[in-house]
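In this chain, numbering begins with 1 at the start of the sequence shown.
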Amino acid sequence: MADGPLSERLIAGFDAMSEQFQLAARYIIDQPHDVALLSMRDQARVAGVQPATMTRLAKHLGLTGYDELREIYAEAVRSGDVGFARKADVQAIAQRRKGDHGLAREILGAQAAEIVHLAESQLDAIVSTARRLASAKCVFCIGLRSSHATAWHLHYILSMIREKSVMLDAVGGTGSDALAHASRNDVLFATSVFPYTRATVEIAEYAHQHRIPIVAITDSEVAPLARVADDVVLVQTKSPSFFHTMTPAFAVVEVLGALVAGQGAEAARDSLLRFDAHLADFNTHLKSRARPARPRRPLP
């Protein structure tokens with residue numbers, strides 16, 4: 001189930017909710033399977049609120065209490081296969097039962113399914129995001145912790161096909177300083193998934209306040225980045241592994257890079273010619289996939 005039965009109502013009323021209600025609502029939106037299967041106290045602990053908050057939110061939605069809310073979700077996810085243990089414990093149990101090969105196959109299958117889901121649900125968002133990136137005078141990229149590789153990969157691709165891409169991760173905590181030169185003709189590319197990195201969100205909020213266009217990759221319609229971005233691509237992060245998957249976000253970045261290059265094909269080609277010449281000057285790459293043979297030691 002991609003969306004919970006009460007997701008639309010929660011999203012529609014999200015702005016008017018208190019901060020505690022928003023924390024509880026975000027949990028229900030993002031974890032519909034767990035709502036049906038975990039105890040209210042466990043859910044409250046993960047959401048970061050008191051159990052009473054979960055009950056009050058259910059009554060706010062016109063229900064008799066949280067038990068009724070859980071029953072609604074239980075009806076919607078009867079075929080779900082979610083355990084009660086922590087994710088690391090769940091993985092350990094699955095790994096013992098299925099073996100290393102079985103767990104590896106399951107993780108790869110889940111990643112493949114999420115990429116298929118992107119093709120079915122996020123194409124319009126991806127194309128719109130690519131067009132905004134292509135039209136920007138300069139793209140400023142931010143992604144920290146698990147999202148850093150995603151942001152860096154887009155920055156690397158853009159640096160190959162255009163002149164202006166800035167990674168906001170300079171040493172000494174000065175990364176955000178470059179954003180002082182940004183204007184409405186530029187774009188901030190920001191990516192973060194739950195648990196959201198504070199610095200990334202603050203940089204995005206700064207850009208929003210200064211009317212710098214924002215495109216984002218994140219994991220929820222009510223994620224902090226989604227609430228300030230002009231274009232948002234939503235990715236799933238659930239995985240049979242103990243660690244959330246970044247594969248869908250990485251796939252989106254590769255598609256964005258290809259689309260941006262295609263939308264400015266002539267300029268991208270000229271830039272890539274210069275890039276190739278630069279790499280050749282420094283003899284950056286091996287000329288063959290085969291590893292060079294090591295010189296043999298002379299026999300004693």
Side-chain angles (χ1 to χ4, degrees), residues 107-108 110-170 175 178-179 182 186-197 199-201 203-204 207 212-221 223-226 228-239 241 243-265 267-268 271-272 275:
I107 292 172
L108 291 171
Q111 292 172 345
E114 294 302 347
I115 292 175
V116 170
H117 177 70
L118 286 172
E120 295 172 345
S121 66
Q122 295 296 306
L123 285 185
D124 288 345
I126 290 171
V127 169
S128 180
T129 298
R131 289 173 178 168
R132 194 178 292 272
L133 289 170
S135 65
K137 181 179 178 182
C138 180
V139 177
F140 295 85
C141 301
I142 182 65
L144 300 173
R145 305 186 73 83
S146 64
S147 295
H148 180 267
T150 306
W152 173 259
H153 196 48
L154 180 66
H155 164 69
Y156 179 65
I157 295 172
L158 293 180
S159 69
M160 293 172 65
I161 61 177
R162 55 184 294 158
E163 294 181 0
K164 294 294 185 179
S165 179
V166 177
M167 191 72 188
L168 301 177
D169 68 345
L179 206 57
D186 302 317
V187 166
L188 173 69
F189 168 78
T191 177
S192 186
V193 299
F194 187 84
Y196 310 108
T197 306
T200 300
V201 174
I203 287 173
I212 300 166
I214 303 168
V215 298
I217 296 177
T218 190
D219 59 348
S220 171
E221 293 178 74
L225 291 182
V228 297
D230 299 281
D231 284 293
V232 183
V233 180
L234 296 178
V235 296
Q236 298 294 314
T237 61
K238 285 189 174 183
S239 171
S241 166
F243 193 76
H244 55 265
T245 180
M246 297 303 298
T247 300
F250 214 80
V252 169
V253 158
E254 294 194 342
V255 175
L256 290 175
L259 293 179
V260 171
Q263 290 172 16
S271 181
L272 287 171
F275 193 78

Any Lys164 side-chain heavy atom under 4.5 Å of Lys137 side chain | no
Single hit among Leu168, Leu158, Val253 for side-chain contact (heavy atoms from CB on, under 4.5 Å) with Phe189 = Val253
Okay, side chain of Thr245, backbone of Thr247: is any donor-acceptor separation there less than 3.5 Å?
-> yes
Do Thr218 and Thr191 have side-chain heavy atoms sitting under 4.5 Å apart?
-> no
Close side-chain approach of Asp230 and Val215, heavy atoms under 4.5 Å | no
How many angstroms lie between atom CD1 of Ile157 and atom OG of Ser165, to the nearest 0.5 angstrom?
-> 10.0 Å
Indicate the atoms forming the closest heavy-atom contact of Val166 with Ala178, along with that distance.
-> CG1-CB, 3.9 Å
Closest non-hydrogen atom pair between Ala249 and Thr150, with its separation = O-CG2, 3.8 Å
What's the shortest heavy-atom distance between Ala204 and Val228, and which atoms?
-> CB-CG2, 4.1 Å
Ser159 side, atom OG; Leu154 side, atom CG - distance, nearest 0.5 Å = 9.5 Å
Ile142 vs Leu179 side-chain heavy atoms within contact, under 4.5 Å = no
Separation between CD1 (Ile217) and OG1 (Thr129), nearest 0.5 Å, reads 7.5 Å
Please indicate whether Arg132 has more than 12 foreign heavy atoms, meaning atoms of other residues, nucleotides or ligands, lying under 6.0 Å from its CZ.
-> yes
Nearest 0.5 Å, what's the OG1-CG distance between Thr200 and Leu144?
-> 3.5 Å
Minimum side-chain heavy-atom gap Val193-Met246 below 4.5 Å = yes
Hey, what's the ring geometry for Trp152 with Tyr156, parallel, tilted or perpendicular (30° and 60° as the breaks)?
-> parallel
Identify the two heavy atoms, one from Val187 and one from Ala136, that lie closest to each other, and give their separation to 0.1 Å.
-> CG2-CB, 3.6 Å
Any chance you could measure Gln236, atom CD, to Ile115, atom CD1, to the nearest 0.5 Å?
-> 12.5 Å
Asp219 and Tyr196 have their tightest heavy-atom pair at OD1-OH, 2.8 Å
So which heavy atom on Ser192 is nearest to which on Ser147, and how close?
-> CA-OG, 3.5 Å
Side-chain heavy atoms of Glu114 within contact of Leu118, under 4.5 Å = no
Run the side chain to side chain contact (heavy atoms under 4.5 Å, CB included) check on Phe140 and Asp186 step by step: do they pass?
-> CA-CA 8 Å; Phe140 295 85; Asp186 302 317; 3.9 Å; yes
One should read off an interatomic distance between Glu221 CD and Leu234 CG, to the nearest 0.5 angstrom, of 6.0 Å
